[in-house]
Amino acid sequence: MARRSPALSPSRAGDFRQCPHLYRLRVVDKIPEPPSAAATLGTLVHAVLEHLYDKPAVERTEATASAMLEPQWRAMVERDPALGALHEDSHAEATWLAEGRGRLATYFTMENPQRLEPDGREEFVELQLPDGPLLRGFIDRVDVAPDGSIRIIDYKTGKTPLPQYGHKEKFQMRFYALLVERLRGRRPALLQLLFLKDGGTLVLRPSDDDLAQIEFEVRELWDEILGAARTGAFRPKKSKLCGWCSFQSLCPEFGGEAPALDPDAVERALGVRPVSA
Ligand code: SF4
């Protein structure tokens with residue numbers, strides 16, 4: 001399979017901001033991580049909501065979505081048998097699947113999919129910023145109204161963040177808005193995050209300033225990433241998020257040690273070589 005050019009996505013940007021060492025282990029060393037129940041539930045619910053729109057509008061009911069959940073899960077395990085170890089027993093798996101059905105039930109209180117015909121689902125977007133990074137991502141859903149106005153939808157299986165949080169989610173949506181504006185030639189009028197745990201919605205209307213700011217941020221962040229690649233200094237950044245990090249045994253902050261940095265791996269992942277190599 002052809003190797004993809006080094007690029008920045010909203011999730012990798014979030015990784016580097018959270019902790020450059022975590023970013024290195026994930027992006028450069030590509031250390032495998034055990035699947036988490038929460039992230040896998042997100043993947044599963046996203047897959048159901050994506051494929052729900054394959055069906056004729058009249059069939060897009062909560063009962064249909066709920067019935068799609070388990071077969072979709074079995075298909076995921078077939079593709080990636082490691083996911084089978086996610087649950088201790090069938091009771092734990094059934095409880096987890098019931099959580100997934102709960103998220104789908106909440107979705108139907110927020111939107112009526114029988115009235116929507118998405119223009120894009122899981123849309124792959126990629127944009128080369130002049131003299132800057134290649135930006136890349138997948139957008140959960142793009143809707144286009146009869147007057148051509150664009151709405152970007154993102155599903156979150158967690159709950160609505162408190163007003164003082166949610167920076168990561170807003171960054172992600174403005175990142176996508178920048179790509180869609182450049183790729184489709186029209187700025188999205190609305191960016192909507194749907195939080196399926198509690199039914200909350202976050203709505204953004206991107207302005208000139210928002211998109212100029214996001215472009216500045218991604219350029220600055222990419223420069224920081226390339227700086228870390230050139231010096232080989234991907235420093236650990238301890239925070240309360242370390243509790244969810246699966247790399248503690250490879251992290252100096254927790255008495256662990258990372259494998260020696262492989263200059264070839266840095267170059268493959270980021271397109272530059274550490275200066276000492
Ligand atoms: S444990 Fe914390 S400091 Fe260490 S790699 Fe993970 S996020 Fe970074």
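Remember, it's 1-based here, ligands and their atoms both numbered in the order they're listed. Throughout, residue positions are numbered sequentially from 1 according to the sequence presented.
No more than 12 heavy atoms of other residues, nucleotides or ligands lie within 6.0 Å of NZ in Lys55, so this atom counts as exposed by the packing criterion.
Among protein heavy atoms, atom 4 (Fe) of ligand 1 sits closest to Cys251 SG, 2.3 Å.
Short contacts between ligand 1 and His21, defined as distances under 4.0 Å to a heavy atom of the residue, involve ligand atoms 5 (S). If you number the atoms of ligand 1 from 1 as listed, the ones under 4.0 Å from a heavy atom of Lys237 come out as 3 (S). Interface atoms of ligand 1 facing Cys19, defined by a heavy-atom separation under 4.0 Å, are 3 (S), 5 (S), 7 (S), 8 (Fe). Less than 4.0 angstrom separates some heavy atom of Phe254 from each of these atoms of ligand 1: 1 (S).
Ionic pairing of Arg24 and Asp29 is present here: one or more N-O contacts between side-chain nitrogen and carboxylate oxygen are shorter than 4.0 angstrom. Between Glu62 and Arg101 there is no salt bridge, since no side-chain N of the basic residue sits under 4.0 Å from a carboxylate O of the acidic one.
Taking the six-membered ring where the residue is Trp, Phe234 and Phe16 present perpendicular rings, their angle passing 60° and hence far from 30°.
The hydrophobic cluster containing Leu261 also contains Val27, counting ILVMFWY residues as joined when their side-chain heavy atoms lie under 4.5 angstrom apart, directly or transitively.
The parts of Cys242 lying near ligand 1 are both backbone and side chain, judged by heavy-atom distances below 4.0 Å.
Side chain to side chain, Gln192 and Asp154 fail the donor-acceptor criterion of an N or O pair below 3.5 Å.
Coordination check, Cys245 versus atom 4 (Fe) of ligand 1: failed, since every N/O/S atom of the residue sits at 2.8 Å or beyond.
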